[in-house]
Amino acid sequence: MAAGLTALASTIFAIQPNDTADLPILNKAINVAKPGRLRVTMADGSTGTLFLTAGGLAELRVRRIWATDTSAEGIPG
């Protein structure tokens, strides 16, 4: 299957929030096991803080999840 914005996700990996390193790939969605704040840098470079509830799937193209101002836990991408 071809990769692209409309293709299904083809991998899953644990995300460790980090203030200096981008994720190894641009993900298609974020899920959290423990609800809380998630400071992110989006694919376009914009940065902001979101609140995610546990178990929900947020369709976000994220390049970085920051340790600073992130309280959500159990983050697969």
Side-chain angles (χ1 to χ4, degrees):
M1 178 175 270
L5 292 177
T6 59
L8 298 173
S10 60
T11 189
I12 187 169
F13 58 99
I15 295 174
Q16 295 298 319
N18 189 306
D19 288 346
T20 60
D22 288 345
L23 299 176
I25 61 171
L26 280 175
N27 64 315
K28 293 190 162 284
I30 295 288
N31 176 282
V32 297
K34 179 184 173 192
R37 292 182 316 278
L38 203 68
R39 182 170 173 80
V40 298
T41 299
M42 301 297 291
D44 70 356
S46 60
T47 300
T49 303
L50 311 165
F51 184 88
L52 296 183
T53 59
L57 191 62
E59 295 183 24
L60 302 169
R61 301 280 294 174
V62 173
R63 95 173 36 188
R64 179 178 299 171
I65 296 181
W66 297 73
T68 301
D69 204 25
T70 290
S71 61
E73 295 178 7
I75 310 167

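What's counted below: heavy atoms across the whole structure, side chains too, no hydrogens, waters or symmetry copies.
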Q | Value rounded to 0.5 Å, distance of OG1 in T70 from CD in Q16 | A | 11.5 Å
Q.
What's the separation between atom CD1 in I75 and atom CG in L38, rounded to the nearest 0.5 Å?
A.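 The CD1 atom of I75 sits 5.0 Å away from the CG atom of L38.
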Just so I know, are the side chains of [X] and [Y] near enough to count as touching, which here means a heavy-atom distance under 4.5 Å?
X	Y	answer
R61	K28	yes
L50	L60	yes
I30	I65	yes

With [X] via side chain to side chain contact (heavy atoms under 4.5 Å, CB included) - residues at least two apart:
X	answer
A54	P35
A67	P17, D19
T41	T47, R63, R64, W66

Q | Whether N27 side chain and V62 backbone form a donor-acceptor pair below 3.5 Å | A |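 The answer is yes, because a donor-acceptor pair under 3.5 Å joins these two groups.
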Q) Judged by atom type as modelled, is there a donor-acceptor pair below 3.5 Å linking the side chain of S71 to the main-chain atoms of R37? A) yes
Which heavy-atom pair separates [X] from [Y] by the least distance, and what is that distance?
X	Y	result
G74	P76	O-CD, 3.1 Å
G56	N31	O-ND2, 3.2 Å
V32	T53	CG2-O, 3.5 Å

Q: Tell me whether F51 is reachable from L57 by hopping between hydrophobic residues (I, L, V, M, F, W, Y) whose side-chain heavy atoms are closer than 4.5 Å.
A: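 No; tracing contacts between hydrophobic side chains, which count when under 4.5 Å, never links both residues.
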Q: May I ask whether L26 and I15 are part of the same hydrophobic cluster, defined by side-chain heavy atoms of I, L, V, M, F, W, Y residues being less than 4.5 angstrom apart, directly or through others?
A: no
